[in-house]
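For reference, the structure is listed below as structure tokens.
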2 protein chains.
Amino acid sequence: MTSSDLTRNQQVVLKALSGSNVPLSAYDILDLEQVRDQGLKAPLTIYRALDKLQALELVHRIESLNAFVACDHGPHSEPVGFMSCDRCRKTIELPVGACEDVLRSSAKANGFKLDRITVEVSGRCTDCVEGT
Amino acid sequence: MTSSDLTRNQQVVLKALSGSNVPLSAYDILDLEQVRDQGLKAPLTIYRALDKLQALELVHRIESLNAFVACDHGPHSEPVGFMSCDRCRKTIELPVGACEDVLRSSAKANGFKLDRITVEVSGRCTDCVEGT
DNA sequence: ACATTGCCTGTTATATCATTACATAACCGG
DNA sequence: CCGGTTATGTAATGATATAACAGGCAATGT
Ligand SMILES: [Zn+2]
Ligand SMILES: [Zn+2]
Ligand SMILES: [Zn+2]
Ligand SMILES: [Zn+2]
């Protein structure tokens, strides 16, 4: 399945996220003119599109923000984390393969079999590093 | 400030979390008999106690679960992450100082100044590693 | 004593995030 | 055509979290 196989709703949602420089919640997406104009008007419509896009790794969910971003790095060979500026919300992907190794052995030492990892970092981007 | 300085509400909430072997949401806490019996009956009462307990590092929030756990390791010298079993919900703390180092330099390479890190891992505990 | 301050509390309402339930349509391989 | 799967529409509800405002209560300074 490639991105050209996306349904109309999925395309609309993906485009909304791609066009944003910050993570958007499902309701943020729903409120966009470009989305409303396409006839999407119920939360479930957005969430269903997001579910599919996440499964395709075209979109990531950021747990600590309850928000979503378009993937800007194509298929991932290693797990991905996120770094968000807590002033301007700018968010970038961080490869976290190195973390995964550490975590996997740490989990193993505690008798856990690791499945999924969530790594989310907040701080300040270059533009925002000074000031409020 | 020590834990003996906690207010009544804070003590009730902390005790509820300490007595659970799985993370609890604010509403889970609110629904507990032992909590209701103490007169706590509004979500805000629970959230306020949780805020304070988190500030004291007596309680941690797990972003990916929207839930809270009592800290079982006292004051932390390094950042802490969590490993949760996605079948039985058992959750343990994982020290993530090693991850922090990796993330800090990765963030720095991208012009970010790192502040707070969230590391949450899911998988299966020993008891649950086989089966559904 | 009195006012000031800070912190905790109670109550109500509201905001924000996400899913359930059920019906309908579209698509595809027998 | 039939039966299975996937996508969609619509409405209602559930789950998580905060806003706004009033009042209590102890510590502090004068
Ligand atoms: Zn990505
Ligand atoms: Zn910024
Ligand atoms: Zn802890
Ligand atoms: Zn388990």
Side-chain angles (χ1 to χ4, degrees), chain A residues 1-17 20 22-32 35-56 58-69 82 84 86 89 91 118 120 122, chain B residues 1-17 20 22-32 35-56 58-69 84 86 89 91 118 120:
Chain A
M1 181 138 188
T2 71
S3 90
S4 63
D5 295 320
L6 295 177
T7 66
R8 174 171 185 75
N9 286 357
Q10 289 156 13
Q11 288 177 42
V12 170
V13 170
L14 179 57
K15 194 168 180 183
L17 284 175
S20 172
V22 297
L24 300 178
S25 75
Y27 285 80
D28 289 339
I29 294 169
L30 191 56
D31 287 342
L32 292 173
V35 172
R36 269 282 153 77
D37 289 351
Q38 296 298 318
L40 286 70
K41 57 184 180 181
L44 187 50
T45 307
I46 308 296
Y47 280 109
R48 288 201 273 225
L50 287 170
D51 283 349
K52 191 65 192 297
L53 292 168
Q54 284 176 263
L56 297 171
L58 297 173
V59 161
H60 303 295
R61 174 181 166 82
I62 303 184
E63 301 289 346
S64 56
L65 301 176
N66 294 326
F68 304 83
V69 290
F82 302 93
S84 292
D86 54 26
R89 308 288 175 193
T91 299
T118 300
E120 296 171 5
S122 67
Chain B
M1 181 138 186
T2 71
S3 89
S4 64
D5 295 320
L6 295 177
T7 66
R8 174 172 185 74
N9 286 356
Q10 289 156 12
Q11 288 177 40
V12 170
V13 170
L14 179 56
K15 194 167 178 183
L17 285 175
S20 172
V22 297
L24 299 178
S25 75
Y27 286 80
D28 289 338
I29 295 169
L30 190 56
D31 287 342
L32 293 174
V35 172
R36 270 280 151 77
D37 289 351
Q38 295 299 318
L40 286 68
K41 57 184 180 181
L44 190 47
T45 306
I46 308 297
Y47 280 107
R48 289 203 272 226
L50 287 170
D51 284 348
K52 191 64 192 298
L53 292 167
Q54 284 176 263
L56 296 172
L58 297 173
V59 161
H60 304 294
R61 174 182 166 82
I62 302 182
E63 300 289 346
S64 56
L65 301 176
N66 294 327
F68 303 84
V69 290
S84 291
D86 55 26
R89 307 289 175 194
T91 299
T118 300
E120 295 170 5

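A/Asn9 has no side-chain polar atom (N or O) that falls below the 4.0 Å cut-off from OP1 or OP2 of D/dA7. Note on B/Thr7: a side-chain N or O is less than 4.0 Å away from OP1 or OP2 of C/dT9.
Judged by distance alone, the side chain of B/Gln54 and the main-chain N or O of B/Val59 form no donor-acceptor pair under 3.5 Å.
Between atom CD1 of residue B/Ile29 and atom CZ of residue B/Arg36 there is a gap of 12.5 Å, rounded to the nearest 0.5 Å. Taking CG of A/Leu32 as the start and CG of A/Leu24 as the end, the distance is 6.0 Å to the nearest 0.5 Å.
Side-chain proximity of A/Lys52 to the nucleotides C/dC8, D/dA7, C/dG10 is greatest for D/dA7. The side chain of A/Lys41 approaches D/dT10 more closely than any other nucleotide in the set D/dA7, C/dT11, D/dT10.
Across the helix from C/dA1-D/dT30 to C/dG30-D/dC1, the helix axis at one end is tilted relative to the axis at the other end by 20° (nearest 10 degrees, each axis from five pairs).
Within the structure, side-chain hydrogen bond (donor to acceptor under 3.5 Å, both in side chains) contacts touching residues 39-48 of chain B (residues at least two apart or in different chains) do not occur.
Residues passing the side chain to side chain donor-acceptor pair (under 3.5 Å) test with A/Asn66, sequence neighbours excluded: A/Arg61. When the salt bridge (charged side-chain N to carboxylate O under 4.0 Å, His left out) test is applied to A/Asp86, the partners found at least two apart in sequence or on another chain are A/Arg124. B/Ser64 pairs by the side chain to side chain donor-acceptor pair (under 3.5 Å) definition with B/Glu120, not counting sequence neighbours. For B/Gln38, the side chain to side chain donor-acceptor pair (under 3.5 Å) partners are B/Arg8, not counting sequence neighbours. Judged as a ring-ring contact (aromatic ring centres under 6.0 Å, His included), and not counting sequence neighbours, the contacts of A/Phe82 are A/His60.
In this entry the distance linking CG of A/Leu40 with C1' of D/dT8 reads 10 Å, nearest Å. Straight-line distance from the CZ atom of A/Arg8 to the C1' atom of D/dT8: 13 Å, rounded to whole Å. The nearest whole Å value for the distance from the CG atom in B/Leu30 to the C1' atom in D/dA17 is 13 Å. Following rounding to the nearest Å, B/Glu63 (CD) and D/dT16 (P) show an atom-to-atom distance of 14 Å. Here the P atom of nucleotide D/dA27 and the CG atom of B/Asp5 are 12 Å apart, to the nearest Å. Between the P atom of C/dA26 and the CG atom of A/Leu6 lies a distance of 20 Å, rounded to the nearest Å. Rounded to whole Å, atom P of C/dT9 lies 12 Å from atom CG of B/Leu50. The distance from atom CG of B/Asp31 to atom C1' of D/dG14 is 13 Å, rounded to the nearest whole Å.
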- line: Whether each nucleotide of nucleotides 15-22 of chain C has a protein heavy atom under 4.0 Å at its base (B), only at its sugar-phosphate (S) or at neither (-) is summarised, 5' to 3', as --BBBBB-
